[in-house]
Structures are given as structure tokens and as C-alpha cells.
Amino acid sequence: MPEDLAFREHIFEAWRRVSRRYGFLGYDGPPLEPLELYTEKSGDEIVGQLYNFRDKGDREVAMRPEMTPSLARILGERSRSMPKPIRWFSTPQLFRYERQQRGRLREHFQWNVDLVGEANVAADVEILAVALDGLRELGLTAEDFRARVSDRRLLSALLRSAGVAEARLEQAFQVVDKVEREARDRSRERLEREVGLDREGANRVLSLFDAPGREALEAEFGEDAEVAPLLGELGEYMASLEALGLGDFVEFDLTIVRGLAYYTGIVFELFDRQGELRAICGGGRYDRLLERVGGEPLPAVGFGMGDVVLGELLQERKLRPEFARGVDLFIVTVGDDQRPLALKVARAQRERGRSVLYGLRPQSVRKQFQHAGNEGARAVLVLGPDEVGRGVGVLREMAGGEEREVSLESLMDGTETP
Ligand code: HAM
């Protein structure tokens, strides 16, 4: 519906402004991709949600459920000749066969912002800053949302030290991804069954999430040759966000893993502070994906922010703008004789960029005013025989009701643009 589309456009415009502010260029791709682009790279969760079919050319295809594999494919074909880093953004429509529920639909739009070709943690900082500013641009504050940040390398090191075998890390990630939402017993049982740990090992893993703060990890693993540098990098990441004035928005949280398989480093998700809604946004570093789709081996970091949960949050915080139709002027004619003049005025004003309407069939002045009201016109110009005889019309501001005469000449030559 137009009022919903206007709300979506409001969100899109904020996303585009912020993208440009950070020097990102817009791109797009096809909504239909080869099925294998997802089956091999995205991981089981998303593959189970694919809209896929065999097309008339006997090819296995899927409606895109996310943009990142398309981005990797597109850059794989062209990145060699491009200066790095590459800063690109997009607002694709995506399709996932999910169980429909609050915040999850079968189609949604997602702001994707990705920085490709820079391995330094400064690129991770930049990406999270864009995501946070995207929400700030829409009027949300640190009271409304926060970013929860972790690092997959750090989690891997901790899981390994708790006894998880290298080959089972992916399965362990899946359990950690749900550790907050599932009962402890269920997580323990999955760690035993899916990750192959004994009871003691499962408990060691779960204890990581009892006091998951950075300080607690620092105290326990500060000397660990693998963990210490990762904690150091996270510290630098947090300090940079602080310097950018965004420190209040960011928290370390070891339970953030991300459902998708390709992430390799710092990962994050954005949530409403009340914790009532699902994730608004998710992203992180994925340094091996481009290589895996056959392109140049380039490090990359980015995020996707959906319009569904965000729309709910804006609505709850009364940040959904009122729907305005944006009609500047409605021309009312008292008799048929003034119609040609009304068309001339409309033409002159539209040429100057004003939005102008008039009734499409003869109607009483009262009906025409009603029509102007329905269209949300800001002003009405009344053309009656006496005034037109004197070379003027009566201009009425709809909000305050003030009326004044304006010369027809000035409406025609554009010196007057109501
Ligand atoms: P994702 O976590 O699958 O990440 O999705 C990102 C965001 O899209 C979610 O936080 C959520 O707001 C929204 N979203 C996802 N699925 C749905 C749905 N069914 N209905 C409504 N909203 C949804 C990715 O897609 C990654 N490709 C993001 C990325 C870009 N990582 C690096 N670059």
C-alpha cells in the first residue's frame, strides 16, 4: 500500500544517505542465482529455507535468500582490475522459505554494506559504524538498540581449549548460536550428541557463557598464545568505536556466532535494547568467501540489515513518519468557463516542479474542496468569474485557512509557486 511503501522509502533513503556518507557505491544483482551458489557457501540453515526450482533450461536455480554470495560472485569476475578496498552497498529484495512469524517473513528487503580488500580491523570498525549510523539516521538512540559483538576465531580457540575437535567446530557454533534461546539441558544434550563431547566437556563449553565478559576472559586466558592477540584486537576495535563516538552502542557478547557458515573473524548483531524483537542486523568478516566462489582471494567484511524488524522497532518508538501525499496545490473552478485557465495554471506550476491536481469532471465548489481535502492538498486556488475578470485567483492555505489574492500572471510565469 502507498503508506507502507512511503515508510519503506523513508528507511531506504536513510540507508542510502549513510552509505554515501561513508563512501559506499550502490550495486545490484539478479534475484535468481544458480542453486549451488548457496548450497556450498551459506550453510545448512539457509539452504533449508531456499526457494529453489529447476528452470525451463533444466538448470537448478534459487531466488536469492541473501546478497553476500552474489556479491562474491560478481566481484569474483571483476575485482582484479578494481582499486581496493571496494566499498559497495545494495538494498536487494530477498526470499526465504521461513515459518512466518513476527519479524520473519518470506520476502524482505535488506541493506547490504560490504568492504572488500582490507584485512585490517579498521575495516571491521568502519562497517559496524555504518550499521549503527543507519539506525541513528532514523532517529534511534543508544537507549533503543545495541550491537553485540564477538569473534569467531576467539570462540574457536575457546571451544578447542574446552575440548571441541577442529572438525566439529561448525556444529559447536550452531549450538552456541542458540545457547541463549535454548534451555541449558538442551544445549548440553546437543553438545554431546552433535559435537561429540562427554558430559564434562559439554559443561566446560557451557561454563564459557556463565561469565562471558571480556574482562573475565582476559583474566582466564590472558596468557594464552592464541587467545591473547585476539582479545587485543577486540580491544582495539572497541577503542576505535569509542573514538568514533559510538562506544555506548557496543557490547562484547560471546554468544554471537551468526548462523551463516562463511564468517571467519569479528561478527556482530544489532538488537533492540528491550530484547523483544529478533535481530535487526547481522554481519561480520568473511575472508575466504571470494576465493571459494573462484575469485581473487580478498578479505571482506559487511552486514545485512532487514526492513521488517527495523520497521517494527521504528513503529514502536513512534518514529514512523506520518504519511504525507505531498500535493502542493488543488485548483477549484467555480464554472466551466475557468477550466482552460485551470489547465494553463496547472501546466505552468507543474513545469516548475509543483504537484498540482484539479477535479476531472464538473463538480460543485464544495465537492471540489472535499476532493482537495481527501488528496491532502496544502493549498487550494479558487478560480471564479469575478476574480478571473480582475486577473487574480484566491489562494487558500488548507491548514490555517488564510486566504489571499494572487495574480494569474505570477502563477503563470512562476514568480508565485504556492
Ligand atoms: P542474516 O543474519 O541472515 O545475514 O540476515 C541479516 C538481517 O536480515 C537479519 O538480522 C534480519 O533483520 C533480516 N532478515 C533475515 N531473514 C529475514 C526474514 N525472513 N524476514 C525478515 N527479515 C529477515 C545475511 O543475510 C548476511 N548475508 C549479511 C551479510 C552481508 N554478511 C556480510 N555481508
Side-chain angles (χ1 to χ4, degrees), residues 1 3-15 18 45-46 48-49 65-68 91-113 127-150 174 176-183 186-187 209 212 241 246-260 263 266-284 302-322:
M1 298 298 282
E3 45 274 37
D4 297 327
L5 184 62
F7 185 34
R8 185 206 283 167
E9 269 307 309
H10 169 72
I11 293 173
F12 275 36
E13 279 163 17
W15 286 348
V18 173
E45 185 166 317
I46 226 167
Q49 299 168 340
E66 57 154 339
M67 197 59 171
T68 317
T91 51
Q93 186 173 24
L94 305 178
F95 307 87
R96 295 184 188 184
Y97 198 85
E98 296 215 46
R99 194 166 58 79
Q100 306 221 66
Q101 51 189 309
R102 189 167 184 218
R104 284 289 174 275
L105 305 178
R106 290 191 175 152
E107 56 178 309
H108 73 284
F109 287 85
Q110 200 190 75
W111 182 31
N112 274 250
V113 179
I127 280 296
L128 182 56
V130 176
L132 297 173
D133 275 357
L135 296 185
R136 291 180 57 240
E137 184 75 4
L138 288 158
L140 294 164
T141 68
E143 315 261 283
D144 301 311
F145 73 99
R146 63 186 170 138
R148 297 161 62 190
V149 178
S150 185
Q174 301 301 324
V176 175
D177 188 39
K178 302 267 167 358
V179 85
E180 239 192 7
R181 277 167 279 159
E182 277 173 358
R186 166 93 179 119
S187 299
F209 305 99
L241 286 158
L246 296 168
D248 288 352
F249 292 91
V250 191
E251 284 165 22
F252 173 74
D253 186 332
L254 196 57
T255 63
I256 297 299
V257 196
R258 307 282 299 124
L260 295 158
Y263 293 105
I266 291 179
V267 284
F268 64 87
E269 287 186 349
L270 269 48
F271 285 92
D272 66 298
R273 282 265 176 201
Q274 256 75 55
E276 286 165 4
L277 307 173
R278 310 194 54 152
I280 306 164
C281 170
F303 68 81
M305 181 184 292
D307 62 338
V308 180
V309 181
L310 175 55
E312 284 173 6
L313 182 60
L314 292 174
Q315 215 144 315
E316 265 181 25
R317 295 291 182 278
K318 310 267 181 287
L319 289 169
R320 177 177 175 148
E322 208 162 311

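The analysis underlying the following values was restricted to heavy atoms, covering all of them including side chains, and did not include hydrogens, waters or symmetry mates. When a residue number appears, it is its place in the shown sequence, counting from 1.
For the pair R106 and Y97, the cation-pi test (distance below 6.0 Å, angle within 45°) is passed.
You'll find the side chain of L128 stays beyond 4.5 Å of the side chain of I266, heavy atoms only. Under the 4.5 Å side-chain criterion, counting only non-hydrogen atoms from C-beta, V250 is in contact with L132. In this structure, the side chains of F109 and L94 stay at 4.5 Å or more apart for every pair of heavy atoms. When side chains are defined from C-beta on, L270 does not count as touching F303, because their heavy atoms never get closer than 4.5 Å. Between R99 and R104 there is no side-chain heavy-atom pair separated by less than 4.5 Å. Counting only heavy atoms from C-beta outward, the side chains of L314 and L140 approach each other to under 4.5 Å. Looking only at side-chain heavy atoms (C-beta outward), L310 and L135 come within less than 4.5 Å of each other.
Distance CG/L319 to OG1/T141: 9.0 Å, rounded to 0.5 Å. Here D177 contributes atom CG and T255 contributes atom OG1; the two are 8.5 Å apart, rounded to the nearest 0.5 Å. Note that NE2 of H108 and CD of E98 are 8.0 Å apart. Values are rounded to the nearest 0.5 Å. Atom CD of E322 is separated from atom CD of E3 by 12.0 Å, given to the nearest 0.5 angstrom.
Distance alone, capped at 3.5 Å, places no donor-acceptor pair between the R320 side chain and the E316 backbone. A donor-acceptor contact shorter than 3.5 Å links the side chain of N112 to the backbone of Q110. Judged by distance alone, with hydrogens and angles left aside, the side-chain atoms of D248 form no donor-acceptor pair with the main-chain N or O of A142 at under 3.5 Å. With hydrogens and angles ignored, the 3.5 Å screen pairs no side-chain donor or acceptor of D133 with any backbone N or O of R136.
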* Take D253 and S150, measure what side-chain contact (heavy atoms from CB on, under 4.5 Å) needs, and give me the verdict at the end. => CA-CA 6 Å; D253 186 332; S150 185; 5.8 Å; no
* To do: Give the C-alpha distance, both sets of side-chain angles, the deciding distance and a yes or no for side-chain contact (heavy atoms from CB on, under 4.5 Å) between E66 and R96.
  => CA-CA 9 Å; E66 57 154 339; R96 295 184 188 184; 3.8 Å; yes
* Start with the C-alpha distance between D307 and T91, add both sets of side-chain angles, then the distance that settles side-chain contact (heavy atoms from CB on, under 4.5 Å), and finish with yes or no. => CA-CA 10 Å; D307 62 338; T91 51; over 6 Å; no
* Asked: Where do I11 and R8 land on the side-chain contact (heavy atoms from CB on, under 4.5 Å) test, with the steps shown first?
  -> CA-CA 5 Å; I11 293 173; R8 185 206 283 167; 5.6 Å; no
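E137 and A14 make their closest contact through CG-CB, 3.6 Å (heavy atoms, listed as atom of the first residue, atom of the second, distance). The two residues V18 and V130 come nearest to each other via the heavy atoms CG1-O, 3.8 Å.
Under 4.0 Å is where a charged nitrogen must lie from a carboxylate oxygen, and between E312 and R102 at least one such pair does. A salt bridge is defined here as a Lys NZ or Arg NE, NH1 or NH2 lying under 4.0 Å from an Asp or Glu carboxylate O, and D144 with R317 meets this definition.
Atom CD of E143 has 12 or fewer neighbouring heavy atoms from other residues, nucleotides or ligands inside a 6.0 Å radius.
Of the options F271, F249, F268, a ring-ring contact (aromatic ring centres under 6.0 Å, His included) to F145 is made by F249 and by none of the others. Considering E269, E251, E180 as possible partners of R148, the one that fulfils the side chain to side chain donor-acceptor pair (under 3.5 Å) test is E180.
Between W15 and W111, the angle of the ring planes stays under 30°, which puts this pair in the parallel group of the 30/60° scheme.
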